[in-house]
Amino acid sequence: TCRAVVDTGTSLVSVPNVLGRQLVPRLRHNSAGAGCRGNLPALEIELEQFTVVLGPSDIARPEDVADPENQGSAAEKQTNSTSCMPMLLFMNLPDPLSPKTLVLGEPVLQKY
């Protein structure tokens with residue numbers, strides 16, 4: 001069982017290291033010019049009576065992926081694909097907090 005706390009001073013969603021290493025590959029995705037929006041992977045955090053759903057526009061940021069074969073002009077480089085990288089903070093919290101604690105920062109506060 002995991003726990004979650006809301007923190008107004010945390011700019012990202014913080015997850016334990018082990019969980020973060022599992023989440024990033026599942027939430028990272030390529031985007032075809034639409035930015036980090038659309039019907040793409042979402043992070044769902046089930047609380048006791050409510051499920052927090054964070055879509056790519058809430059937690060992912062574009063990361064340009066250069067095509068190694070496209071070393072041309074700036075205009076040609078704009079055809080490179082964009083990878084949407086989930087912005088998660090990996091952090092293991094010490095006692096007395098549970099090592100399975102998530103910190104729900106700005107992305108959650110902005111959406112809800």
Side-chain angles (χ1 to χ4, degrees):
T1 302
C2 294
R3 297 179 182 196
V5 296
V6 176
D7 182 14
T8 60
T10 300
S11 61
L12 302 173
V13 173
S14 171
V15 298
N17 292 347
V18 172
L19 180 59
R21 286 192 295 271
Q22 295 171 6
L23 287 175
V24 168
R26 292 179 181 169
L27 295 174
R28 188 177 191 163
H29 58 278
N30 290 330
S31 176
C36 295
R37 301 186 185 285
N39 189 17
L40 301 167
L43 174 62
E44 295 184 10
I45 303 167
E46 292 183 17
L47 305 175
E48 284 185 23
Q49 297 180 18
F50 183 75
T51 300
V52 174
V53 179
L54 299 171
S57 63
D58 301 314
I59 61 167
R61 298 294 175 263
E63 173 184 64
D64 288 332
V65 179
D67 181 350
E69 295 184 20
N70 186 2
Q71 300 297 323
S73 68
E76 291 171 328
K77 289 181 182 180
Q78 288 181 356
T79 62
N80 293 344
S81 66
T82 297
S83 175
C84 291
M85 178 66 132
M87 302 300 292
L88 300 174
L89 176 63
F90 292 21
M91 181 169 51
N92 290 329
L93 296 173
D95 290 332
L97 296 172
S98 167
K100 295 182 178 179
T101 301
L102 286 76
V103 180
L104 309 179
E106 283 184 31
V108 174
L109 294 168
Q110 288 176 349
K111 185 164 185 177
Y112 295 95

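Values in this document were obtained by computation on a predicted structure and should not be read as measured data.
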Q: Kindly compute the distance separating SG (C84) from NE2 (H29), expressed to the nearest 0.5 Å.
A: 3.5 Å
**Q.** Student check: side-chain heavy atoms of V53 and E44 closer than 4.5 Å
**A.** yes
Q. Heavy atoms, side chains only, cut-off 4.5 Å: are R61 and M85 in contact?
A. no
**Q.** Linked, directly or transitively: V108 and L47 (ILVMFWY side chains, under 4.5 Å)
**A.** yes
Q. So which heavy atom on P62 is nearest to which on C36, and how close?
A. N-SG, 3.5 Å
Q.
With rounding to the nearest 0.5 angstrom, report the NZ to CG distance, K100 to N92.
A. 12.0 Å
**Q.** Side-chain heavy atoms of L27 within contact of P41, under 4.5 Å
**A.** yes
Q: Taking all non-hydrogen atoms of both residues into account, name the closest pair between P107 and I59 and its distance.
A: CB-CG2, 4.0 Å
Q: Enter the distance from L23:CG to L43:CG here, rounded to the nearest 0.5 Å.
A: 6.0 Å
Q. Any link between M91 and I45 through a network of hydrophobic side chains (Ile, Leu, Val, Met, Phe, Trp, Tyr) touching at under 4.5 Å?
A. no
Q: Any chance you could measure L12, atom CG, to F90, atom CZ, to the nearest 0.5 Å?
A: 11.0 Å
Q: Nearest 0.5 Å please: distance from the CG atom of N17 over to the CG atom of L88.
A: 11.5 Å
Q) If you draw a 6.0 Å radius around CD in E46, do more than 12 non-hydrogen atoms from other residues or ligands fall strictly inside? A) no
(Q) Walk me through whether V103 and V13 qualify under side-chain contact (heavy atoms from CB on, under 4.5 Å). (A) CA-CA 6 Å; V103 180; V13 173; over 6 Å; no
Q. Among L102, L93, L89, which one satisfies side chain to side chain contact (heavy atoms under 4.5 Å, CB included) with S14?
A. L89
Q.
Do L54 and V6 land in one hydrophobic cluster if side-chain heavy atoms of ILVMFWY residues count as linked below 4.5 Å?
A. yes
Q.
Do M87 and V15 land in one hydrophobic cluster if side-chain heavy atoms of ILVMFWY residues count as linked below 4.5 Å?
A. no
Q. Taking all atoms of both residues into account, what is the closest heavy-atom pair of P16 and P99, and its distance?
A. CG-O, 3.4 Å
**Q.** Where Y112 and T51 come nearest, the two heavy atoms and their spacing
**A.** OH-O, 4.0 Å
Q) How long is the span from the CG atom in L109 to the OG1 atom in T10, to the nearest 0.5 Å? A) 9.0 Å
